[in-house]
Protein chains: 2
Amino acid sequence: MKGFGTEIRNLRERLSKDSKEFSVRRVAAKIGVEPAYLSKVEREVVPPPSEVKIIALAKVLGADEDVLLALAGKVSSDLLCIIKDRPILFAELIRKLKEEPDHAVLRIVREVKDGDW
Amino acid sequence: MKGFGTEIRNLRERLSKDSKEFSVRRVAAKIGVEPAYLSKVEREVVPPPSEVKIIALAKVLGADEDVLLALAGKVSSDLLCIIKDRPILFAELIRKLKEEPDHAVLRIVREVKDGDW
DNA sequence: CAAAATGAGTACTAAGTAGTACACAGTACC
DNA sequence: GGTACTGTGTACTACTTAGTACTCATTTTG
């Protein structure tokens with residue numbers, strides 16, 4: 001699997017090619033951390049930052065929050081809250097869907113979206 | 001909301017009424033912690049223990065793991081792994097199901113179980 | 001070439017996590 | 001009436017999390 005830091009570095013370097021707004025320093029400032037820290041995060045010298053910083057990074061770099069969080073080994077706290085509200089229900093559902101292929105899960109998503117509940 | 005410690009204490013005291021196997025000391029030994037620590041956990045003097053100890057507690061006290069974990073503000077790590085494997089898919093599904101009533105979610109669970117995917 | 005910006009190295013830290021170890025007073029048993 | 005078990009108070013600790021602060025050597029740019 002690709003690391004979180006590597007992904008951030010790739011995203012940032014792509015953007016920095018045609019804008020001076022995406023140096024380590026600028027991005028670090030935008031998300032509210034020290035440049036040296038972001039540098040270390042990108043080189044994976046330190047573990048990924050907190051959820052708040054990861055979400056800020058996703059916004060700045062135009063990436064998907066949930067994907068970046070997953071690369072960092074985390075799950076968005078709003079999802080956790082939803083599960084914690086009804087632990088038995090969601091635990092059973094998620095464990096069942098573990099073995100199902102993407103298209104099957106996607107079908108359910110659509111069903112919920114369009115369905116007349 | 002009822003706290004995690006209170007729930008543990010209730011479960012344990014109920015069991016200890018007709019068996020000497022459920023004193024703080026005995027249960028603490030069964031799950032591999034010091035009695036003083038379990039006592040503090042039950043009185044909520046300290047935050048809930050780690051996932052491993054909570055699952056051990058659930059087994060010893062005959063409670064649902066996911067419910068106890070939820071009371072402790074946690075979500076089972078096996079569920080987290082499933083979500084992290086396909087973050088976009090599961091994030092969308094779970095957020096959609098947030099607003100749905102229990103019976104709707106249950107219907108989906110049964111559909112997955114019985115359906116010919 | 002001088003000034004500014006770039007990424008990176010080192011050292012440190014405050015707060016939280018997950019407990020242990022020991023001691024002690026009250027109660028129950030027989 | 002001593003032994004043994006009950007729950008609990010106090011003190012301490014190792015590890016992890018999530019960073020800051022300062023420094024420095026190299027580009028890059030005007």
Side-chain angles (χ1 to χ4, degrees), chain A residues 3-58 60-61 65 68-77 80, chain B residues 3-58 60-61 65 68-77 80:
Chain A
F4 173 82
T6 307
E7 176 68 8
I8 296 299
R9 172 137 298 188
N10 288 341
L11 288 168
R12 190 183 56 75
E13 283 186 341
R14 217 186 319 276
L15 290 166
S16 79
K17 284 206 205 310
D18 38 35
S19 162
K20 79 281 170 252
E21 288 302 304
F22 294 93
S23 69
V24 167
R25 275 178 159 77
R26 296 304 195 104
V27 173
K30 283 184 217 282
I31 70 166
V33 299
E34 291 294 311
Y37 179 55
L38 179 56
S39 171
K40 277 179 285 193
V41 167
E42 290 191 349
R43 284 171 294 135
E44 293 172 13
V45 170
V46 300
S50 67
E51 177 174 347
V52 171
K53 308 297 183 187
I54 292 174
I55 290 173
L57 267 175
V60 169
L61 302 179
E65 292 180 16
L68 288 191
L69 284 168
L71 277 172
K74 300 174 198 270
V75 171
S76 180
S77 60
L80 297 183
Chain B
F4 172 82
T6 308
E7 176 67 8
I8 297 299
R9 172 137 298 187
N10 288 341
L11 288 168
R12 189 183 57 76
E13 282 185 340
R14 217 186 320 276
L15 290 166
S16 79
K17 284 206 202 315
D18 37 35
S19 161
K20 79 282 171 252
E21 288 301 304
F22 294 93
S23 69
V24 167
R25 275 178 160 76
R26 296 304 195 104
V27 172
K30 283 185 219 281
I31 70 165
V33 299
E34 290 294 310
Y37 179 57
L38 180 56
S39 171
K40 278 179 284 192
V41 167
E42 290 190 350
R43 285 170 295 133
E44 294 172 13
V45 169
V46 299
S50 64
E51 178 175 345
V52 170
K53 309 295 184 189
I54 293 174
I55 289 174
L57 268 175
V60 169
L61 301 178
E65 293 179 15
L68 289 191
L69 285 168
L71 277 171
K74 300 174 199 267
V75 171
S76 181
S77 58
L80 297 183

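Residue numbers start from 1 in every chain, and the chains themselves are labelled A, B, ... in the order their sequence lines are given, proteins ahead of strands.
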Quiz item: Once you round to the nearest 0.5 Å, how far does CZ of A/Arg9 lie from CG of A/Leu38?
Solution: 8.0 Å
Practice problem: Measure from CG on B/Leu57 to C1' on C/dG19 and round the result to the nearest Å. | Solution: 14 Å
Practice problem: Only pairs at least two apart or in different chains count here, so list each salt bridge (charged side-chain N to carboxylate O under 4.0 Å, His left out) that has a residue in residues 44-54 of chain A. | Solution: none
Exercise. Using a cut-off of strictly less than 4.0 Å between a heavy atom of the residue and any atom of DNA chain D, enumerate the qualifying residues of residues 3-25 of chain A by number.
Key: none
Quiz item: 5' to 3' on DNA chain D, which nucleotides open and close the contacts with chain A (atom under 4.0 Å from a heavy atom)?
Solution: D/dA18 to D/dC22
Practice problem: Name all residues meeting the side-chain hydrogen bond (donor to acceptor under 3.5 Å, both in side chains) criterion together with A/Arg43; count only those two or more places apart in sequence or in a different chain, and write none if there are none. | Solution: A/Ser39
Listing, residues 24-35 of chain B side-chain donor-acceptor contacts under 3.5 Å, not counting sequence neighbours, or none:
unit_1	atom_1	unit_2	atom_2	d
B/Arg26	NH1	B/Glu21	OE1	3.2
B/Arg26	NH1	B/Glu21	OE2	3.0
B/Lys30	NZ	B/Glu21	OE1	3.2

Quiz item: What distance do A/Ile8 atom CD1 and A/Leu57 atom CG have between them, rounded to the nearest 0.5 Å?
Solution: 4.5 Å
Quiz item: Between residues 38-56 of chain A and DNA chain C, which residues have a heavy-atom gap below 4.0 Å?
Solution: A/Ser39, A/Lys40, A/Arg43
Quiz item: Which ranges of DNA chain C pair up as stems, where a stem means three or more consecutive Watson-Crick or G-U pairs with both distances under 3.5 Å?
Solution: C:1-30 with D:1-30
Practice problem: For side-chain contact (heavy atoms from CB on, under 4.5 Å), just list the numbers for B/Leu11 and B/Phe22, CA-CA rounded to whole Å, side-chain angles, deciding distance to a tenth of an Å, and then say yes or no. | Solution: CA-CA 10 Å; B/Leu11 288 168; B/Phe22 294 93; over 6 Å; no
Quiz item: Which residues pass the side chain to side chain contact (heavy atoms under 4.5 Å, CB included) test with B/Ala72, sequence neighbours left out?
Solution: B/Phe4, B/Pro48, B/Ile54, B/Lys74
Practice problem: Mind checking side-chain hydrogen bond (donor to acceptor under 3.5 Å, both in side chains) for A/Ser23 and listing every partner two or more places apart, or none if nothing turns up? | Solution: none
Quiz prompt | Set of salt bridge (Lys or Arg N to Asp or Glu O under 4.0 Å) partners for A/Glu65, sequence neighbours left out | solution = A/Lys59
Quiz item: Partners of B/Glu7 by salt bridge (Lys or Arg N to Asp or Glu O under 4.0 Å), sequence neighbours excluded?
Solution: B/Lys2
Quiz item: So what does B/Pro35 hit on the nucleic acid, given a heavy-atom distance under 4.0 Å: a base, only sugar-phosphate, or nothing?
Solution: base
Quiz item: Is any side-chain heavy atom of B/Val75 less than 4.5 Å from a side-chain heavy atom of B/Leu69?
Solution: no
Practice problem: Assign a letter to each nucleotide of nucleotides 25-30 of chain C from its 5' end: B, base within under 4.0 Å of a protein heavy atom; S, sugar-phosphate only; -, no contact. | Solution: ------
